[in-house]
Amino acid sequence: MRIATWNVNSITARLPRLLAWLENSGTDVLCIQETKTTAEQFPSDQLRELGYESAVHATGRWNGVAIVSRVGLDDVVKGLEGDPGYEDVHEPRSVAATCGPVRVRSVYVPNGREVDHAHYAYKLRWFEALKDAVAADVASGTPFAVMGDYNVAPTDEDVWDITAFDGSTHVTEAERAALAALREAGLSDIVPRPLKYDHPFTYWDYRQLCFPKNRGMRIDLVYGNEAFGKAVSDSYVDREERKGKGASDHAPVVVDLDV
DNA sequence: ATGGCCTGATCTTCAGGA
């Protein structure tokens, strides 16, 4: 079974590449982030023609998450239980579903913007709520993973040059502590293989030729429970999908499971 | 190749992304 996570940076803009990738990559379950659509605008019909059901939690131009599956889609939970909200809005950043033998949660963690911004405090509270929300799934014997854009680089090695991130979000002690809390709660970081260069970056800024220069970050993560970790046979970043015209600024992270 | 981001909406300018 092949599952993956991909921040598509607008499913409308990415639709031709997304459909082609699903047809060619052998992916059974895909966790999607930044759909940037309403649920009504989500291309469920086109995906159904390829054999995929869709669970969508999306409200408009910002955020939006989904799970598409061709191996079943049950027990869908839209939204994050205990979501702290931002400026009194509960943004669509989490959706969970059971897809055949595996349960997954697609997450788009708040960016944080600046360390002294209210969005950063929201980000840390959001992580707290996530940890509580997934406790039961983590403890279950079912393979379970929280997959998505975490907007945190777990270590200094997960950015192209840590000195370029002095004072920035995504690399702070508090954000990394939030990841550590998830690991202590029973989730393991399933680190993918890079298909080129030394480190499995998953995001490269559109600007300043960051992708050709491999100035990337590893911020799209797969955190799996014990049963999930035992089932993993391979994992890699599909950097080919970051190339060329009409690419997202994130590449898919693919995980193969023996289930 | 000697470059210099992309998206959708408030739509020719902006916020947000990270």
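Below, chain A is the first sequence line, B the second, and so on; all start at residue 1. These values consider heavy atoms only, across backbone and side chains, with no hydrogens, waters or symmetry-generated copies.
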Checklist entry - Mind checking the P distance from B:dG17 to B:dG3? Whole angstroms is fine. => result 31 Å
Item to check | Atom-to-atom span, CZ of A:Arg14 to P of B:dC5 - whole angstrom | outcome: 16 Å
Checklist entry - Atom CZ of A:Arg17 and atom P of B:dT7: how far apart are they, to the nearest Å? => result 11 Å
Next on the checklist: Within this structure, what is the CZ-CZ distance for the pair A:Arg215 and A:Phe201, rounded to the nearest 0.5 Å?
Outcome noted: 11.5 Å
Checklist entry - What integer distance in Å separates A:Ile11:CD1 from B:dC6:C1'? => result 17 Å
Checklist entry - Taking OP1 and OP2 of B:dA18, is either one under 4.0 Å from a side-chain nitrogen or oxygen of A:Thr169? => result no
Item to check | Closest-nucleotide ordering on DNA chain B, the 5'-leading residue of A:Glu114 and A:Thr12 | outcome: A:Thr12
Checklist entry - Are the side chain of A:Asp158 and the backbone of A:Thr155 linked by a donor-acceptor contact shorter than 3.5 Å? => result yes
Item to check | Interatomic distance at P, B:dC6 relative to B:dT10, whole Å | outcome: 23 Å
Checklist entry - Over how many whole Å does the gap from A:Tyr150 atom OH to B:dA18 atom C1' extend? => result 18 Å
Checklist entry - What integer number of Å spans the P atoms of B:dA15 and B:dC11? => result 13 Å
Checklist outcome for this item: Contacts of A:His119 meeting side chain to side chain donor-acceptor pair (under 3.5 Å) (sequence neighbours excluded), chain-then-number -> none
Next on the checklist: Donor-acceptor pair, distance only, cut-off 3.5 Å: does the side chain of A:Arg17 make one with the backbone of A:Glu241?
Outcome noted: yes
Next on the checklist: Between A:Arg2 and A:Asp28 (salt bridge meaning N to carboxylate O under 4.0 Å), is one present in this structure?
Outcome noted: no
Checklist entry - Touch check for A:Lys213, heavy atoms < 4.0 angstrom, all strands: base, sugar-phosphate only, or nothing? => result base
Item to check | Which residues share a side chain to side chain donor-acceptor pair (under 3.5 Å) with A:Gln41, sequence neighbours left out | outcome: A:Thr38
Item to check | P-based separation of B:dG8 from B:dA18 [nearest Å] | outcome: 15 Å
Checklist entry - How would you label the contact of A:Ser168 with the nucleic acid (heavy atoms, under 4.0 Å): base, sugar-phosphate, or nothing? => result nothing
Checklist entry - B:dG4 and B:dA9: how far apart are their C1' atoms, nearest whole angstrom? => result 25 Å
Next on the checklist: In whole Å, I'd like the distance from the CG atom of A:Asp220 to the C1' atom of B:dA18.
Outcome noted: 11 Å
Checklist entry - If we take the P atom in both B:dT13 and B:dT2, what is their distance in whole Å? => result 29 Å
Checklist entry - Once you round it to whole Å, what is the distance between P of B:dG4 and CZ of A:Arg215? => result 16 Å
Checklist entry - In whole angstrom, what separates A:Gln208's CD from B:dA18's P? => result 16 Å
Checklist entry - Is A:Arg176 paired with A:Asp156 through a side-chain N to carboxylate O contact shorter than 4.0 Å? => result yes
Shorter than 3.5 Å, N or O on both sides, protein versus nucleotides 14-17 of chain B: list them out with atom names.
from, atom 1, to, atom 2, distance (Å)
B:dG17, OP2, A:Arg113, NE, 2.8

